[in-house]
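These numbers come from a predicted model, not from an experiment. One is the number of the first residue; the rest follow in order along the sequence.
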Amino acid sequence: MTIADSIPIWLDCDPGNDDAFAILLAAFHPKFNLLGISTVYGNAPNSSTTHNALALLDVLGAEQDQIKVYSGENKPLVKPVKFAPEIHGATGIGGAKLPKTPRIKESTDQTYLQAMRSAILEHAGKICVICTGTLTNMAILIETYPEVKSKIRFVSIMGGALNKGNATKYAEFNVHCDPLAAANVLHDESLSGKTILAGLNITHKALATMEVRKNMYDETNPKKNSHVRKLFYDIAMFYAESYRVQHNITLGPPIHDPLAVFLLLALVNKQEDLADNVDFKYIKRKLKVIQEGEREGETQIANGDLDELKEEENGVYVGLNVNVELFWSYVLKALDNAEHHVANYNQNSSM
Ligand code: RIB
Ligand code: CA
């Protein structure tokens, strides 16, 4: 794999226990080329999500500016801000032992909006924008620089769901935090037809079961006792306990965010063999985001009168199922690659 064959990606995220796995997959699997990160409030205040992104890149052996990190918005467009310490802990990435003062510093040479626009224009027609946090940054980007919409290959969003919620019984957290931003993105007819929604319907198929977690780090198998493996194992274990306590999900936590990265393989550069293996099951429908009332933040099918299986040209790819075994093999491959990279980085640093 050369960089030329990999999918250029910009990741907008709120690290975030599961966002950490999205960073891992995007940065360390050769199918993807992570160009940059923008952070947003959500799981924790933006100051924490930015710190967590920098600290993760530090531990993962990144060099300064190798993957630039730009700090984004710290509150929704209109709603009061809220966070999720009950799921992601007080730091925003519970369970992770991360450097308090990362050697990687946030980039301030331009705003996150200018950085996203530059990356999109530089990789026009190929770049995919992944959103695994609230959609506030993305909504402001397309309002400030509408010219980027035609240059984006796909937008892949972890958020929303059909007939399922986690923030409320109707609404998923990323959408519920800022339903107006979510509507401005998901209703945009220049984008909706090339938007993938990795919502709860599909992410709850990708549970980090104890078997998956043992493949990350098996305490009975010394060769897997690297710091990187322990870090991601601890992040997954903390998330598992949060989901056990808060949602009574005991088999393992849905690791939502890396699916928004992985699903690109089903639709980008449609390599038939790979697309078939990903086995992405979806419906392609226009969505509406409910703005107020008991169902605030719910994502619904806009034209409910149409046959459910009818594909709408400007419809969003609403994820329903995927080859979960292949997904985990990609995440674990990225973890292998990260482990080898960090070992080399630490060896070179000690010389
Ligand atoms: O509802 C799950 C989503 O909200 C995930 O992206 C998680 O990290 C939080 O941002
Ligand atoms: Ca997230």
Side-chain angles (χ1 to χ4, degrees), residues 10-23 26 37-46 48-49 52-53 72-88 92-93 129-142 155-188 191-192 195-204 206 239 242-243 246-247 253-263 287-291 295-300 316-319:
W10 185 277
L11 178 60
D12 189 73
C13 56
D14 62 338
N17 286 55
D18 54 333
D19 301 77
F21 284 90
I23 292 172
I37 292 173
S38 46
T39 59
V40 67
Y41 73 91
N43 290 325
N46 180 249
S48 299
T49 61
N52 293 338
E73 301 301 327
N74 57 24
K75 63 184 186 324
L77 295 180
V78 292
K79 270 183 75 170
V81 74
K82 70 169 185 177
F83 308 118
E86 74 283 359
I87 300 288
H88 295 267
I93 191 163
V129 177
I130 313 274
C131 301
T132 64
T134 57
L135 288 163
T136 311
N137 287 355
M138 189 63 185
I140 294 174
L141 173 73
I142 62 175
V155 178
S156 188
I157 295 168
M158 192 284 134
L162 297 180
N163 307 310
K164 199 176 177 70
N166 56 10
T168 70
K169 66 180 181 180
Y170 301 112
E172 179 278 327
F173 179 80
N174 286 338
V175 174
H176 190 255
C177 281
D178 194 344
L180 180 59
N184 291 353
V185 174
L186 291 171
H187 296 177
D188 186 302
L191 288 177
S192 56
T195 294
I196 299 166
L197 195 74
L200 300 179
N201 308 91
I202 195 167
T203 64
H204 277 241
Y239 209 41
S242 295
Y243 265 83
Q246 298 294 334
H247 295 290
I255 306 288
H256 310 277
D257 292 338
L259 259 176
V261 179
F262 179 73
L263 290 178
L287 298 176
K288 64 179 175 184
V289 181
I290 306 304
Q291 295 300 305
R295 289 176 177 260
E296 178 191 29
E298 182 177 12
T299 43
Q300 295 178 356
V316 169
Y317 293 90
V318 180

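- Residues passing the side-chain hydrogen bond (donor to acceptor under 3.5 Å, both in side chains) test with H256, sequence neighbours excluded: T203, Y243.
- I87 places a side-chain heavy atom less than 4.5 Å from the side chain of H247.
- More than 12 heavy atoms of other shown residues, nucleotides or ligands fall within 6.0 angstrom of atom NZ in K82.
- The heavy-atom pair separating C13 from I23 by the smallest distance is SG-CD1, 4.4 Å.
- Not counting sequence neighbours, D257 has no partner by the side-chain hydrogen bond (donor to acceptor under 3.5 Å, both in side chains) test.
- Not counting sequence neighbours, the partners of S38 by the side-chain contact (heavy atoms from CB on, under 4.5 Å) test are W10, D12, Y112, M116, N137.
- Residues S156 and A260 come closest through the heavy atom pair OG-O, 2.5 Å.
- H88 places a side-chain N or O within 3.5 Å of a backbone atom of N17 that can act as its donor or acceptor partner.
- Across all their heavy atoms, H204 and P254 have their closest contact at NE2-CG, 3.7 Å.
- Between D18 and T132 there is no side-chain heavy-atom pair separated by less than 4.5 Å.
- With sequence neighbours excluded, no residue forms a side-chain hydrogen bond (donor to acceptor under 3.5 Å, both in side chains) with Q246.
- With hydrogens and angles ignored, the 3.5 Å screen pairs a side-chain donor or acceptor of D19 with a backbone N or O of D14.
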Show, in sequence, the C-alpha distance, side-chain angles and deciding distance for I140 and L77, and conclude whether the side chain to side chain contact (heavy atoms under 4.5 Å, CB included) test is met.
CA-CA 9 Å; I140 294 174; L77 295 180; 3.8 Å; yes
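- Residues meeting the side-chain hydrogen bond (donor to acceptor under 3.5 Å, both in side chains) test with D188, sequence neighbours left out: K149, S190.
- Residues satisfying the salt bridge (Lys or Arg N to Asp or Glu O under 4.0 Å) criterion with E172, sequence neighbours excluded, are absent altogether.
- P45 meets the side-chain contact (heavy atoms from CB on, under 4.5 Å) test with S47, S48, F83; sequence neighbours excluded.
- Contact annotation: the side chain of L197 approaches that of L186 to within less than 4.5 Å [non-hydrogen atoms, C-beta and beyond].
- Here K79 pairs with E296 under the salt bridge (Lys or Arg N to Asp or Glu O under 4.0 Å) rule; sequence neighbours left out.
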Which donor-acceptor pairs under 3.5 Å do side chains of residues 157-171 form with protein atoms, sequence neighbours excluded?
{"from": "N166", "atom 1": "OD1", "to": "F173", "atom 2": "N", "distance (Å)": "2.8"}
{"from": "T168", "atom 1": "OG1", "to": "Y170", "atom 2": "N", "distance (Å)": "3.1"}
{"from": "T168", "atom 1": "OG1", "to": "A171", "atom 2": "N", "distance (Å)": "2.9"}

Would D178 and T136 count as a side-chain hydrogen bond (donor to acceptor under 3.5 Å, both in side chains) if you check the C-alpha gap in whole Å, the side-chain angles of each, and the deciding distance to 0.1 Å?
CA-CA 7 Å; D178 194 344; T136 311; 2.7 Å; yes
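- Partners of N46 by side-chain contact (heavy atoms from CB on, under 4.5 Å), not counting sequence neighbours, listed by chain and number: T39, Y41, T49, T50, S71, N74.
- Between H187 and L287 the shortest heavy-atom distance is CD2-O, 3.3 Å.
- P76 is listed as a side-chain neighbour of V81, based on a closest heavy-atom distance under 4.5 Å.
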